[in-house]
Protein chains: 2
Amino acid sequence: MVKRVTSREVARAAGVSPALVSRVMTGKGHVAEATSARIREAAAALGWQHNALAASMVTGDAPLIAVVTARLEFDWRAQVLSRLLAAFEEMGVAPMMFYAAEEDRVAALIAETGRWQTRGVVVTAGDVDPGLAGSILRQGRFVAGLNRPVPAAGGYAVGTDNAAAGAQAAELLARAGRRRIAVLAGPPDSRAGGERARGFVGAASGASVVHTPGMTAADGAAAAEEWLALPPGSRPDGVFAANDMLAIGFIDGLRTAGVRVPDDVALIGFDNLPASSWAPYDLATFAQPVSLMVEGVLAHIDATRRPGGAGPAQGGMERLPATPILRSSLGLAAPEGEDSGERP
Amino acid sequence: MVKRVTSREVARAAGVSPALVSRVMTGKGHVAEATSARIREAAAALGWQHNALAASMVTGDAPLIAVVTARLEFDWRAQVLSRLLAAFEEMGVAPMMFYAAEEDRVAALIAETGRWQTRGVVVTAGDVDPGLAGSILRQGRFVAGLNRPVPAAGGYAVGTDNAAAGAQAAELLARAGRRRIAVLAGPPDSRAGGERARGFVGAASGASVVHTPGMTAADGAAAAEEWLALPPGSRPDGVFAANDMLAIGFIDGLRTAGVRVPDDVALIGFDNLPASSWAPYDLATFAQPVSLMVEGVLAHIDATRRPGGAGPAQGGMERLPATPILRSSLGLAAPEGEDSGERP
DNA sequence: GTGAAAGCGCTAACAT
DNA sequence: ATGTTAGCGCTTTCAC
């Protein structure tokens, strides 16, 4: 550790008091143009940087936001993070990451965020404990859940309307003339998968639910094996996969056995992965409202900084609609909306 | 902002001096078991959390590490980040993210990291300015570049040995009996693409270099158009794509025109994306040494914390070998190494 | 427009 | 084993 330059030294070099240096940095109070310039020069000459730690301590407000996250291989998480980080950068707040190796570490991580005087927490993984959220909220900090509820008064949560999308999937498959339909729901404990499946089943009586151990392409391929093992007469001819990975693995598995998509099985996935638009798949899917979710979070953060504080958001979760992307895997004769084919 | 609880209040509640509370938190100095317990109880009762900001200020060492990054859609970046964040979490240091919306913001971001008294900077995007790196290093902080050099004495850098992999790609295509070979190098200003292409060309005289505007599947498909536009006699029969996205788009483009892979064109990509192993592609590729890169960075950070400081690393970049993943797109009769097929 | 003085919440000698 | 005393580097009244 080398001796650090302090604002006092800058002040002395510029022939002013430390208070003036502070005023120049914070922009609060009036400083003569000439003095300000002299101070900046002195700072540059000494290589001084404004110490954010010290400043935060005395003001009691650190321009810090905590982001609780987990495996970034998940598409929506990486996307959402990219945009959140870009926005925070622009807002001039520094994001601190709290990475959960295991889902059950999330509560501990959320608690940790308080040690750094962060303005609040954005949670993109795991579950938000009501008591914990409440205590953070009571400190005047915010708690924002992405694709997960924040069950506490004053908490904010946005997410994809999975159930509505599920219902829409059922409707699309019906419109494509499919009668025996099924949903690949992912693991029984998958929140998103469960919601999508419930919406699907709710809109289509008689739909069957197939759980898979995970939500990878390999799990989709395994589901294809199961499909092939069914007596031909009872095989579903329309399938909604809770995500694109599952759908892609399912397609690959079916094709290996000579089954045709969409002729033999119509298919729709979820996530609008880049791969869904690739030639071998041309997979119909749903695009998550990533931009809107991020905007929602940013708007909430912004609201908590203003006089009135955040609005009346009371533990409910704002549900944003996913956008159906119609592609040939659905086997719809003539999609009324043109295939947008846009990337996520 | 609500009135915050301080260690002094905890001390009073526990009937001790503030110093003891500090000792319990830092674990330095001896505290009687009973006293320690009393203090912890008081803290819990008051809902007090140790203030990391204040502690860091007085010790002069904040357990903070800056990570400069950019678009997380890039596969290796998301992978590397996941592991780095997990490791930092385990080390008990908090990662602060500095997100570069544009490559040319990187220098400014690296400079910013000093304001938070971070122990050092891990750079995963853009270029590291030598002067800037030098001044950070002189402050006793570390600078670690991932897949980019840190041109300053004491800086550390690890990355994939792109040139060696390029050479190996050429060799593999030769072994597959290909004579007219080419490389899809990506944009002329792509560092990784350029290195891979140079290694390829260096190992195979007569190889042609094709630049593409970007490195997406769409760019690969456009390259396929170009390939098809060539007179049949002069079309390359072996292609090395600087990444899997490009390769996949190229395959899709060729197939649409009835060209067969590997019969008409043998192909090898780079990155070992999950998609490379999917049935329609079964794309030979190279896996980046992600784990080793991360380990290198962690070891360097660890070294900088010890007495001797970091080793003699002097601006050079540690080059780690990419692992070839042999798959059917290469058209090798009998791969001597079994297809590992492992995911990245 | 500028300076002096008093802390922010904690830790680190140095005492005891 | 515990308490006392100075600060860390900055911001903020309150004077002038």
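Within every chain, numbering begins at 1; the chains are lettered A, B, ... in the order of the sequence lines, protein sequences first and strands thereafter. Owing to the predicted nature of the structure, the values given are computational and were not obtained by experimental measurement. FYI, side chains are in, hydrogens and waters are out, and symmetry mates aren't considered; it's all heavy atoms of this structure.
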Novice: Using a 4.0 Å cut-off to any heavy atom of chain A, which nucleotides of DNA chain C are the first and last in contact, reading 5' to 3'?
Specialist: C:dG1 to C:dG9

Novice: Which pairs with one or both residues in residues 12-31 of chain B pass salt bridge (Lys or Arg N to Asp or Glu O under 4.0 Å), sequence neighbours excluded?
Specialist: none

Novice: Roughly how far, to the nearest 0.5 Å, is the OH atom of A:Tyr99 from the CZ atom of A:Arg71?
Specialist: 7.0 Å

Novice: Pick base, sugar-phosphate or nothing for A:Thr6, based on heavy-atom distances below 4.0 Å to the nucleic acid.
Specialist: sugar-phosphate

Novice: Salt-bridge test for A:Glu89 and B:Arg105: reply yes if a basic N is under 4.0 Å from a carboxylate O, no otherwise.
Specialist: yes

Novice: So do the side chains of A:Phe88 and A:Val67 get within less than 4.5 Å of each other, counting heavy atoms only?
Specialist: yes

Novice: Between A:Glu195 and A:Arg319, does any NZ, NE, NH1 or NH2 come within less than 4.0 Å of an OD or OE carboxylate oxygen?
Specialist: yes

Novice: I would like to know whether B:Gln117 and B:Ser56 meet side-chain hydrogen bond (donor to acceptor under 3.5 Å, both in side chains); could you show each step before the answer?
Specialist: CA-CA 9 Å; B:Gln117 317 297 107; B:Ser56 299; over 6 Å; no

Novice: My understanding is that only residues two or more places apart in sequence, or in another chain, count here; which of them pass side chain to side chain donor-acceptor pair (under 3.5 Å) with B:Arg119?
Specialist: B:Asp61

Novice: Select from B:Gly29 and A:Gln49 the residue whose nearest nucleotide in DNA chain D is closer to the 5' end of that strand.
Specialist: B:Gly29

Novice: Where each residue is assigned the nucleotide of DNA chain D containing its nearest heavy atom, which of B:Met57 and B:Leu20 is assigned the position nearer the 5′ end?
Specialist: B:Leu20

Novice: Hey, what bend do you get for the helix from C:dG1-D:dC16 to C:dT16-D:dA1 if you fit axes on five pairs at each end, rounded to 10°?
Specialist: 30°

Novice: Can you list the residues that meet the salt bridge (charged side-chain N to carboxylate O under 4.0 Å, His left out) rule with A:Asp129, with sequence neighbours excluded?
Specialist: none

Novice: Give A:Ser56 one of three labels, base, sugar-phosphate or nothing, depending on what nucleic acid heavy atoms sit under 4.0 Å from its own.
Specialist: nothing

Novice: Could you tell me from which nucleotide to which nucleotide of DNA chain D, 5' to 3', there is an atom under 4.0 Å from chain B heavy atoms?
Specialist: D:dA1 to D:dG9

Novice: Testing A:Val122, A:Thr69, A:Ile301, A:Ile65 one by one against A:Leu84 for a side-chain contact (heavy atoms from CB on, under 4.5 Å), which residue passes?
Specialist: A:Val122

Novice: Is it the case that the side chain of A:Ser135 and the backbone of A:Leu132 share a donor-acceptor pair, with hydrogens and angles ignored and the cut-off at 3.5 Å?
Specialist: yes

Novice: Check this for me: does any side-chain nitrogen of one of A:Arg38 and A:Glu41 sit under 4.0 Å from a carboxylate oxygen of the other?
Specialist: no

Novice: Have a look at B:Ala32 and say if it touches a base, only the backbone sugar-phosphate, or nothing, with a 4.0 Å heavy-atom cut-off.
Specialist: sugar-phosphate

Novice: Which part of the nucleic acid, if any, lies within reach of B:Val21 when heavy atoms closer than 4.0 Å are counted: base, sugar-phosphate only, or nothing?
Specialist: nothing

